[in-house]
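To start, the structure under review is shown below, and the notes come after it.
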Amino acid sequence: MSTHASARILEPLAPCVHCGFCLPACPTYLATGDENDSPRGRIVLMRQLASGGIAPTDAALGRFIDRCLGCRGCEPACPSGVSYGQGLAAARTELVAARGMPGSARVILRVFSTPLLWRPLLTMARWFRATGLPRALAGGGRLSFAFGMLAATAPPPSLPASLPRPRRAPPDGPSVALFTGCVMDTVFPHVHAATRRTLEANGYRVAEVRHQGCCGALHEHAGDHDGARALAHRNVAAFHGAADFIAVNSAGCGALLKEYRRLLDGPEAADFAARVQDVTELLAARGPRPAGPLDLEVVYDAPCHLQHAQGVHAAPLAVLRAIRGIRLRELSGADRCCGSAGIYSLLEPSLSRDVLDAKLEAIRAADPAPAVVATGNPGCLMQIGAGLLAAGLPARAAHPVELLDEAYRLHGIYDPAGPAHR
Ligand code: SF4
Ligand code: SF4
């Protein structure tokens, strides 16, 4: 391994003093009880990899690094300031360089690198969802769980799928370009529509940007650093000079988009990264304007890549608290991963489900029972939504902006004759 590659692994992990404070925050350690499945154990392995003590082709090393969710729940628990996620990404890049990528991961990443592949495939999945079969076939088996994940992407049937955008958008408000991504753009278009409407209702001018694509987070987390950089170059060029802010409603995408300045060199990448905001940050900066009532029991579950990677916690709660009438609680263990983690649930289905079981147990134990689990990331919406269906729990998973949009729709915020925009 080159000195540069070794330093990329060692430097972010250097502050680790092996105290073990991070262990209770690690979902894989909690699921297996194996030190090698803990942050401290993986840091020991990664240091040995970087110093040449273990070959990058070592099967046990690969197994324990592969089993890491990359959720970064260990980072806020660490008193020494270890940048675990950076060290993990560098180690995975070296493992992929030495042993190649598993065939299934290679195929998935290839699809998400190519809009001519992911767009028709995911659009067909949405059409299949509209038949109602995925919901009817949802369950706990491997295939039926996948059906449940697709079923969980659907908007609630009680609301019309589309609605005119709000009128009277202020001409002098800050401009926002929506990062549309891949999965969000094809199977969650209703969340994009809710994002546009709620931003406009809160005084933003929403601009559309063409020629953007997948953010590259799946690639970066799987060790395909070059693939992630290629996608980042495309997005930086597409958004050049586009708007004051870049709004993101997928926590996993937002975390990497904010790190483009690390992924790519140069002032354009730094300018791009500085403009990226989660949609809840933008809404919270304007209040957001309240509406309601909605008579709902809601629990909030924090996406790892919003809370741990971006450090955003108060904003989604502010968005939900703007909805009068909802009874909002944070789910017990809300800061712990649900087991989705990009393509992890496809590559490590057994451990992913073990991690999800702890989340479902917390939802089952919540009293009174929630009607909605609010979380702002497509992978979490699909994983938790499928888990709810498989467990027969009478709750749905929804993005916080979907709920705010629901309150705005039902209480006249979008009505031309309703309350005026501020
Ligand atoms: S990562 Fe941090 S919390 Fe975990 S063992 Fe190392 S120093 Fe302790
Ligand atoms: S990133 Fe998540 S799964 Fe991996 S070691 Fe840290 S807490 Fe555990």
Side-chain angles (χ1 to χ4, degrees), residues 8-51 60-96 105 217-218 220-223 251-252 254-256 259 301-311 313 333-359 362 375 377 379-380 383-384:
R8 281 189 63 220
I9 298 172
L10 289 175
E11 279 173 14
L13 306 180
C16 180
V17 294
H18 304 287
C19 64
F21 286 159
C22 53
L23 267 61
C26 175
T28 56
Y29 176 71
L30 293 177
T32 70
D34 187 334
E35 171 78 14
N36 289 304
D37 276 324
S38 79
R40 183 172 63 182
R42 292 186 177 115
I43 287 171
V44 170
L45 293 172
M46 289 190 278
R47 281 177 166 168
Q48 289 183 317
L49 166 70
S51 61
L61 167 77
R63 173 176 154 77
F64 290 113
I65 299 301
D66 287 348
R67 282 156 64 90
C68 176
L69 291 151
C71 67
R72 295 168 65 173
C74 43
E75 289 187 15
C78 173
S80 302
V82 169
S83 297
Y84 177 91
Q86 275 185 40
L88 176 71
R92 282 189 165 156
T93 301
E94 293 311 307
L95 294 193
V96 166
L218 297 177
E220 177 70 356
H221 298 155
L256 189 72
E259 290 193 12
D301 191 59
C304 301
H305 283 88
L306 192 59
Q307 177 145 335
H308 305 316
Q310 299 184 51
H313 181 59
D335 58 346
R336 216 166 273 158
C337 184
C338 64
S340 170
I343 57 175
Y344 184 96
S345 58
L346 302 174
L347 301 178
E348 299 284 345
S350 173
L351 190 49
S352 165
R353 292 290 294 281
D354 288 347
V355 171
L356 174 63
D357 282 347
K359 185 69 65 186
T375 188
N377 186 56
C380 311
Q383 174 91 343
I384 294 173

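All values reported here derive from a predicted model rather than from experimental measurement. As the structure lists them, so they are numbered: ligands from 1, and atoms in each ligand from 1.
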Nearest 0.5 Å, please: how far is [atom2] in [Y] from [atom1] in [X]?
{"X": "Thr32", "Y": "Asp354", "atom1": "OG1", "atom2": "CG", "value": "9.0 Å"}
{"X": "Glu35", "Y": "Leu23", "atom1": "CD", "atom2": "CG", "value": "5.5 Å"}
{"X": "Ile384", "Y": "Ser340", "atom1": "CD1", "atom2": "OG", "value": "8.5 Å"}

Within the 4.0 Å heavy-atom cut-off, what Ile43 brings close to ligand 1 is side chain
For Ser80, which part has a heavy atom under 4.0 Å from ligand 1: side chain, backbone, both, or neither? side chain
Answer with yes or no whether Gly81 contacts ligand 1, where contact means a heavy atom under 4.0 Å from a ligand atom. no
Please list the nearest protein heavy atom to atom 6 (Fe) of ligand 1 with its residue and the distance rounded to 0.1 Å. Cys16 SG, 2.4 Å
Considering non-hydrogen atoms of the protein only, which is the closest contact for atom 7 (S) of ligand 1, and what is the distance? Val17 N, 3.3 Å
Which heavy atom in [X] sits nearest to a heavy atom in [Y], and how many Å separate them?
{"X": "Gln383", "Y": "Ser352", "result": "NE2-OG, 3.1 Å"}
{"X": "Cys16", "Y": "Val82", "result": "N-CG2, 3.4 Å"}
{"X": "Tyr344", "Y": "Arg67", "result": "OH-O, 2.7 Å"}

With side chains defined as the heavy atoms from C-beta onward, is the minimum distance between [X] and [Y] less than 4.5 Å?
{"X": "Leu347", "Y": "Asp66", "result": "no"}
{"X": "Cys22", "Y": "Tyr84", "result": "no"}
{"X": "Asn36", "Y": "Arg63", "result": "no"}

Do any N or O atoms from the side chain of [X] and from the backbone of [Y] form a donor-acceptor pair under 3.5 angstrom?
{"X": "Thr93", "Y": "Ala89", "result": "yes"}
{"X": "Arg353", "Y": "Ser345", "result": "no"}
{"X": "Arg42", "Y": "Phe64", "result": "yes"}

Ligand 2 contact on Glu75 by region, counting heavy-atom pairs under 4.0 Å: neither
Heavy-atom contacts with Arg42 under 4.0 Å: which atoms of ligand 2 show up? List them by number with element. 3 (S), 4 (Fe), 5 (S), 8 (Fe)
Heavy-atom contacts with [X] under 4.0 Å: which atoms of ligand 1 show up? List them by number with element.
{"X": "Cys19", "value": "3 (S), 5 (S), 7 (S), 8 (Fe)"}
{"X": "Cys78", "value": "1 (S), 2 (Fe), 3 (S), 7 (S)"}
{"X": "Gly20", "value": "5 (S), 8 (Fe)"}
{"X": "Pro79", "value": "3 (S)"}
{"X": "Cys22", "value": "1 (S), 3 (S), 4 (Fe), 5 (S)"}

Which protein N, O or S atoms does atom 2 (Fe) of ligand 2 have within a distance shorter than 2.8 Å? Cys71 SG
So, 2.8 Å as the limit: is an N/O/S atom of His18 located closer than that to atom 2 (Fe) of ligand 1? no
